[in-house]
Amino acid sequence: MHLRKAKLMFFWVRYPSSAVLKMYFPDIKFNKNNTAQLVKWFSNFREFYYIQMEKYARQAISEGMKTPDDLHVAGDSELYRVLNLHYNRNNHIEVPPNFRYVVEQTLREFFRAIQGGKDNEQSWKKSIYKVISRLDDPVPEYFKSPNFLEQLE
């Protein structure tokens with residue numbers, strides 16, 4: 001249940017601090033191990049997210065897309081559908097509108113980097129991660145409820 005809640009939180013926050021995690025999981029008695037586990041989950045969520053971004057950016061380039069501004073992510077696009085299916089499998093929540101913007105910006109950042117040949121450098125994704133981390137939004141208050149997931153059922 002906590003994993004499902006964490007996946008849903010990813011729509012708002014890709015880089016949560018441990019303080020944020022503690023606020024939104026009030027039913028957990030935090031210690032070093034379970035804090036590390038939650039942080040690891042978000043790391044895994046980001047890894048899946050960024051793999052999809054790189055894949056779709058490379059696909060756009062191979063299809064002849066010329067500028068990042070030509071990349072648009074609609075609510076019915078394949079990339080958006082793949083992400084929603086991964087983080088919100090049972091459509092428990094309505095995806096926040098800003099998430100589409102974050103996805104589009106991430107895709108454009110990957111496109112720019114790959115098109116510019118930055119992907120030949122060792123740590124080419126780090127600059128992208130910094131941009132995306134600034135796009136985190138506040139998680140809605142209702143996520144703090146200890147019976148949050150039961151409310152969704």
Side-chain angles (χ1 to χ4, degrees), residues 2-25 28 30-89 91-144 148:
H2 290 116
L3 177 61
R4 187 180 317 167
K5 182 177 183 178
K7 278 186 169 185
L8 294 174
M9 285 177 64
F10 190 80
F11 286 119
W12 286 272
V13 62
R14 269 70 52 201
Y15 291 88
S17 66
S18 58
V20 166
L21 293 173
K22 288 174 183 174
M23 248 189 331
Y24 287 94
F25 291 90
I28 295 177
F30 280 91
N31 60 45
K32 187 172 56 176
N33 294 333
N34 57 21
T35 303
Q37 179 62 57
L38 268 170
V39 169
K40 179 72 174 155
W41 284 350
F42 277 88
S43 175
N44 291 340
F45 302 160
R46 287 190 304 271
E47 183 177 4
F48 176 82
Y49 178 77
Y50 289 130
I51 286 169
Q52 298 308 309
M53 294 301 145
E54 182 176 352
K55 173 183 161 188
Y56 282 88
R58 290 187 187 283
Q59 182 179 326
I61 290 168
S62 73
E63 292 172 356
M65 189 82 59
K66 297 292 181 219
T67 67
D69 293 338
D70 292 338
L71 288 169
H72 299 285
V73 177
D76 62 350
S77 69
E78 182 184 354
L79 172 58
Y80 193 81
R81 188 188 60 73
V82 165
L83 294 171
N84 187 47
L85 184 64
H86 186 75
Y87 300 112
N88 189 21
R89 182 169 303 279
N91 285 316
H92 281 299
I93 61 166
E94 187 175 326
V95 179
N98 198 47
F99 185 69
R100 190 194 57 74
Y101 171 79
V102 172
V103 171
E104 194 169 272
Q105 295 311 304
T106 309
L107 186 59
R108 289 176 178 180
E109 289 295 326
F110 269 86
F111 183 93
R112 278 186 199 93
I114 294 166
Q115 190 179 48
K118 295 245 188 329
D119 58 329
N120 294 322
E121 299 170 14
Q122 179 121 16
S123 300
W124 68 281
K125 295 177 186 174
K126 279 188 178 179
S127 62
I128 297 171
Y129 299 163
K130 286 180 183 172
V131 170
I132 303 315
S133 70
R134 291 192 295 264
L135 298 177
D136 279 1
D137 290 307
V139 178
E141 286 295 310
Y142 62 83
F143 272 79
K144 291 179 180 176
F148 165 77

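Not measured: the values here are computed from a predicted model.
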Practice prompt. Without swapping roles, check the side chain of Ser77 against the backbone of Val73 for a donor-acceptor pair under 3.5 Å.
Written response: no

CD of Gln115 to CZ of Phe110, rounded to nearest 0.5 Å, is 15.0 Å

request  = Kindly assign one of parallel, tilted or perpendicular to the pair Tyr49 and Phe10, based on the angle between their ring planes and the thresholds 30° and 60°.
outcome  = perpendicular

Any donor and acceptor pair, going by atom type alone, linking the side chain of His72 with main-chain N or O of Asp69 inside 3.5 Å? yes

- request: Kindly determine whether Glu78 and Tyr56 satisfy side-chain contact (heavy atoms from CB on, under 4.5 Å), including the steps that lead there.
  value: CA-CA 9 Å; Glu78 182 184 354; Tyr56 282 88; 3.1 Å; yes

Next item on the list: Side-chain contact test, heavy atoms from C-beta onward, threshold under 4.5 Å: evaluate it for His2 versus Trp41 and give yes or no.
Entry: yes

Exercise. Counting heavy atoms not belonging to Lys130, are there more than 12 under 6.0 Å from its NZ?
Worked result: no

Next on the checklist: Closer than 3.5 angstrom, by distance alone: can the side chain of Arg108 be matched with the main-chain N or O of Leu71 as a donor-acceptor pair?
Outcome noted: yes

Notebook entry, point to check: Above 12 or not: heavy atoms from other molecules or residues under 6.0 Å from NZ of Lys125?
Noted result: yes

*Stepwise, does the side-chain contact (heavy atoms from CB on, under 4.5 Å) test hold for Val82 with Gln52?*
CA-CA 8 Å; Val82 165; Gln52 298 308 309; 3.7 Å; yes

Do the side chains of Val102 and Trp12 get nearer than 4.5 Å, heavy atoms only?
no

May I have the step-by-step check of side-chain contact (heavy atoms from CB on, under 4.5 Å) for Ile114 and Ile61, ending in yes or no?
CA-CA 8 Å; Ile114 294 166; Ile61 290 168; 3.5 Å; yes

Contact check, side chains of Ile128 and Met53, non-hydrogen atoms, under 4.5 Å:
no

CZ (Arg100) and CG (Leu83) are apart, to the nearest 0.5 Å, by 13.0 Å

When rounded to the nearest 0.5 Å, the distance separating CZ of Phe111 from CZ of Arg58 is 11.5 Å

Heavy atoms of Tyr80 and Ala74 approach each other most closely as CB-O, 3.5 Å

Taking it one step at a time, do Arg4 and Tyr87 satisfy side-chain contact (heavy atoms from CB on, under 4.5 Å)?
-> CA-CA 8 Å; Arg4 187 180 317 167; Tyr87 300 112; over 6 Å; no

From the list Phe143, Phe45, Phe99, ring-ring contact (aromatic ring centres under 6.0 Å, His included) partner of Phe11 resolves to Phe99

| Is the closest side-chain heavy-atom distance between Pro16 and Phe42 below 4.5 Å? | yes

For Leu107 and Ala57 the tightest heavy-atom approach is CD1-N, 3.5 Å

Value for NE2 (His92) from CG (Asn88), rounded to nearest 0.5 Å, stands at 7.5 Å

Contacts of Tyr24 meeting side chain to side chain donor-acceptor pair (under 3.5 Å) (sequence neighbours excluded), chain-then-number -> none

When rounded to the nearest 0.5 Å, the distance separating CG of Leu79 from CD of Gln59 is 9.5 Å

ask   = Hey, mind stepping through Lys118 and Glu121 against salt bridge (Lys or Arg N to Asp or Glu O under 4.0 Å) and telling me if it holds?
value = CA-CA 6 Å; Lys118 295 245 188 329; Glu121 299 170 14; 5.3 Å; no

Backbone N or O of Arg14 within a donor-acceptor pair of the Asp136 side chain at under 3.5 Å? yes

With sequence neighbours left out, the residues meeting side chain to side chain donor-acceptor pair (under 3.5 Å) with Asn34 are none

Sorted by chain and number, sequence neighbours left out, side chain to side chain donor-acceptor pair (under 3.5 Å) with Tyr15 holds for Tyr50

Rounded to the nearest 0.5 Å, the CD1 atom of Ile93 sits from the CG atom of Asn84 at a distance of 8.0 Å

For the CZ atom on Phe30, are there more than 12 heavy atoms of other groups (residues, nucleotides or ligands in this structure) within a distance under 6.0 Å?
yes

- Query: Are any side-chain N or O atoms of Ser17 and backbone N or O atoms of Val20, one a donor and one an acceptor, separated by less than 3.5 Å?
  - Reply: yes

Exercise. Can you find a side-chain donor-acceptor pair between Gln105 and Glu109 that sits under 3.5 Å?
Worked result: no

